[in-house]
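Scroll down for the structure; my scribbles are underneath it.
As a basis for the values below, the full set of heavy atoms in this structure was taken, side chains included, without hydrogen atoms, waters or symmetry mates. Predicted model, so just to flag it, every value in this text is computed and none were measured. Both ligands and their constituent atoms are indexed starting at 1 by order of listing.
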Amino acid sequence: MAEKVKVLIIGSGPAGYTAAIYAARAGLNPVLYTGGQPGGQLTTTNDVENFPGYPDGINGPQMMMDLQKQAERFGTKINYGMVTSVDFSGYPHKVTVDEKDVVEAETVIIATGASAKYLGIPSEDTFANKGVSACAVCDGYFYRGKEVAVVGAGDSAAEESTYLAKLCTKVHLIVRRDEMRASKIMQSRVLNTPNIEIHWNTETDEILGDDTGVTGVRVINNKTGEKKEISVQGFFLAIGHKPNTDIFKGYIDMDETGYVKVQPGSTRTNVEGVFAVGDAADRVYRQAVTAAGTGCMGALDAEKFLAAKEAELVGDNS
Ligand code: NDP
């Protein structure tokens, strides 16, 4: 028989755990499925220095363990499983875990996050957390006074390059075409920043390094075939993010990239009783603290929804 829950949370990043803390403290006995990467994107970061309340910073995986503990302390049931499909065509909502177990949920909070896109070359893995990063705001500080490279040519790449240019001696922007996709204003900021050098028609061949981490990048000019090495200590990817929302397609309204559309000022989706929080619904801010904030909103919205449903039932029976 299907497990029945009042509040089902899908995802275990700051958004999911914060939703769990609030829902658990409201006595809603939430059940949280962690997904394939328990703890989410922050588990790939060494030091988190911009989350309020940690004056000395905190290690990303440690922070996620603390959030998990806090959610469990108030009675959240945490399950290590992957939600593989959903059926939001009726009510209660049906969610299938690991392709076999069906859970029936009165409310669902989508907190599945987003994943940074990577180039797919082996050296990205070799130097993960040792110089390779997909978040300049998170990790840029560690490269102050050093040279770094940024890959990409959209608004993210432009924003990350100008951000890093304030901290680093030089930023090498690696652009695969002879033009950037970024908006004109962002491009002009890049072009007017003296310590950003743009390498046009250039692709990454390999990230170079040793035991200390990244030491450089070998790039190739895709027009001439010429290879060269650039000496850098940090390598930042800014080639876009992909929200982890494929399993909700067909039920939940999304934008063209897959970010869930929520009603302004709330976490409500187009489906009654389904809420979306964190990076899965945020293409702009994508920070741990904003994810946690919307996680709280999701739990409060779910609580309000359940209370209204209950009041409806009482009304029907009286
Ligand atoms: P985009 O999809 O807009 O841009 C991705 C960039 O990465 C493109 O220039 C693309 O190159 C390049 N790229 C993709 N794959 C590769 C690859 N394998 N090798 C090298 N380069 C690659 O993503 P963004 O994250 O920049 O932006 C996403 C959305 O968020 C956009 O709508 C953007 O406007 C918005 N945004 C807005 C900001 C703001 O207004 N402050 C800040 C950041 C984002 P190519 O051009 O050749 O396809």
Inset, instruction - Indicate whether the side chain of Gln70 and that of Asp66 have a donor and an acceptor atom separated by less than 3.5 Å. - result: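 Their side chains do not contain a donor-acceptor pair, so the 3.5 Å distance test is not met.
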
What is the minimum heavy-atom distance between [X] and [Y], and which atoms define it?
| X | Y | answer |
| --- | --- | --- |
| Val277 | Ala15 | CG2-CB, 3.7 Å |
| Glu106 | Tyr91 | O-OH, 2.8 Å |
| Pro30 | Ala20 | CG-O, 3.7 Å |

Legend entry - Under 3.5 Å donor-acceptor, Thr169 side chain and Lys146 backbone: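 Yes, because the side chain of Thr169 sits within donor-acceptor range (under 3.5 Å) of the backbone of Lys146.
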
Quick one: ligand 1 N/O to protein N/O pairs below 3.5 Å?
unit_1, atom_1, unit_2, atom_2, d
ligand 1, 9 (O), Ala153, N, 3.3
ligand 1, 9 (O), Gly154, N, 3.3
ligand 1, 11 (O), Arg176, NE, 3.3
ligand 1, 11 (O), Arg176, NH2, 3.4
ligand 1, 25 (O), Ser156, OG, 2.5
ligand 1, 26 (O), Asp155, N, 3.3
ligand 1, 26 (O), Ser156, N, 2.9
ligand 1, 26 (O), Ser156, OG, 3.2
ligand 1, 32 (O), Arg283, NH2, 3.3
ligand 1, 34 (O), Asp155, OD2, 2.6
ligand 1, 41 (N), Glu159, OE2, 2.9
ligand 1, 46 (O), Arg177, NH2, 2.8
ligand 1, 46 (O), Arg181, NE, 3.0
ligand 1, 46 (O), Arg181, NH2, 3.4
ligand 1, 47 (O), Arg176, NE, 2.9
ligand 1, 47 (O), Arg177, NE, 2.8
ligand 1, 48 (O), Arg176, NH2, 2.9
ligand 1, 48 (O), Arg181, NH2, 2.5

Inset, instruction - Inspect the contact between Asp279 and Arg283 and indicate whether a charged nitrogen and a carboxylate oxygen are less than 4.0 angstrom apart. - result: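 Salt bridge between Arg283 and Asp279, a charged N being under 4.0 Å from a carboxylate O: no.
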
